[in-house]
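Each ligand, and each atom within it, is numbered from 1 in the order the structure gives. Values in this document were obtained by computation on a predicted structure and should not be read as measured data. These numbers come from the heavy atoms of this one structure, side chains and all, not from hydrogens, waters or symmetry mates. Along the sequence shown, the residues carry numbers beginning at 1.
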Amino acid sequence: MTILEIIRKRYSCRAYREKNIEQEKLDIIFEAARLAPSAKNLQDWRFVIVTDKETKQKIAKAAYGQMFLEKAGAIIVACSNNTDLMRCGQPIAAVDVAIALEHIALQAAELGLGTCWIGSFFPDQVRAILDIPDEVAIVELMSIGYPGDEPRKTSRDQVEKIVCYEKWHF
Ligand SMILES: Cc1cc2nc3c(=O)[nH]c(=O)nc-3n(C[C@H](O)[C@H](O)[C@H](O)COP(=O)(O)O)c2cc1C
């Protein structure tokens, strides 16, 4: 599969089969995360992989009751201990963790696994469930597992709407 084919294959999977993800697949997926670029190559990302059923249920409740998370093979809790802004003013933590997470999502798609980004959650509740220290930001969650639904296509804008050349003329 080409990278574009994998990008096309990825979709937000919100139903999972209750099947464990093989350790070999998780190893490949986190190798893809490990190789992601980061500001100043700081690599200040940390990933907590939750597979325990009861803990997944608690996190699902802490994610505004998105109970499909409970059935996913794992919930990845993506964190960063970096609080700095880049010189452009944007936060390092959110940008770097997002890049690594999309590496995860695409590698998972190539391996036949579904993922869903989860930004709707109460960080303080997730922090308490997983004993995450106060100084560590919980940037995002991602469910991952064997899909229990069919791939869906969601709409995207045409490239002309989002790209211009040389100067801003939208
Ligand atoms: C940063 C971010 C946060 C998101 N948070 C959630 C979420 O909390 N729950 C959910 O079901 N989907 C969430 N999504 C998935 C988006 O709704 C989805 O990517 C978008 O509708 C496009 O659909 P697709 O991923 O199937 O192409 C999130 C996506 C991103 C990138």
- Query: Do the numbers put K19 on top of the ring of Y146, so that NZ or CZ is under 6.0 Å from the six-membered ring centre and no more than 45° off the axis?
  - Reply: yes
- Does F68, backbone or side chain, put an N or O under 3.5 Å from an N or O of ligand 1? no
- Message: Check this for me - ligand 1, R156, N or O atoms closer than 3.5 angstrom, yes or no?
- Response: yes
- Residue portion contacting ligand 1 (non-hydrogen atoms closer than 4.0 Å) for C116: side chain
- Message: Just checking Q23: does its CD atom have more than 12 heavy atoms from other residues, nucleotides or ligands closer to it than 6.0 angstrom?
- Response: yes
- Numbering as shown, the atoms of ligand 1 that approach S120 to under 4.0 Å (heavy-atom distance): 8 (O)
- Note on the structure: closest protein heavy atom to atom 5 (N) of ligand 1 is G119 N, 3.0 Å
- Message: For I104, run the side-chain contact (heavy atoms from CB on, under 4.5 Å) check against I76, L26, L113 and tell me which one passes.
- Response: I76
- Task: Taking only heavy atoms of R14 into account, list the atoms of ligand 1 that are under 4.0 Å away from them.
- Result: 10 (C), 11 (O), 12 (N), 15 (C), 16 (C), 17 (O)
- Would you say K56 has more than 12 foreign heavy atoms packed within less than 6.0 Å of its NZ? yes
- Note on the structure: atom 23 (O) of ligand 1 has as its nearest protein heavy atom T154 OG1, 3.2 Å
- Name the one of V77, I138, L141, V126 that satisfies side-chain contact (heavy atoms from CB on, under 4.5 Å) with V48? V77
- Message: Need the ligand 1 atom indices (1-based, order shown) with element for anything under 4.0 Å from a heavy-atom of I118.
- Response: 5 (N), 6 (C), 7 (C), 8 (O), 9 (N)
- N20 atom CG, neighbour heavy-atom count above 12 within 6.0 Å: no
- Item | Where ligand 1 meets R10 - atom numbers and elements under 4.0 angstrom, heavy-atom basis | 24 (P), 25 (O), 27 (O)
- atom 9 (N) of ligand 1: the protein heavy-atom neighbour that sits closest, reported with distance to 0.1 Å: Q66 OE1, 2.7 Å
- Message: Is there a side-chain contact between W117 and S143 in this structure, where contact means two heavy atoms from C-beta onward sitting under 4.5 Å apart?
- Response: no
- Note on the structure: heavy-atom search around atom 18 (C) of ligand 1 in the protein gives S12 OG, 3.3 Å
- Item | F47 and F30 aromatic ring geometry - parallel, tilted or perpendicular at 30°/60° bounds | tilted
- Task: Return yes when at least one protein heavy atom is under 4.0 Å from atom 20 (C) of ligand 1, and no when none is.
- Result: no
- Can you find an N or O of R152 that's nearer than 3.5 Å to an N or O of ligand 1? no
- Item | Electrostatic pair E18:K53 at N-O distance under 4.0 angstrom | yes
- Give the single entry among Y11, W117, Y64 that approaches atom 13 (C) of ligand 1 most closely by any heavy atom. W117
- Task: Just jot down the ligand 1 atoms closer than 4.0 angstrom to any heavy atom of E140, in number order.
- Result: 1 (C), 2 (C), 3 (C)
- Item | Working for side-chain contact (heavy atoms from CB on, under 4.5 Å), residues Y64 and S120 | CA-CA 7 Å; Y64 291 83; S120 284; 4.0 Å; yes
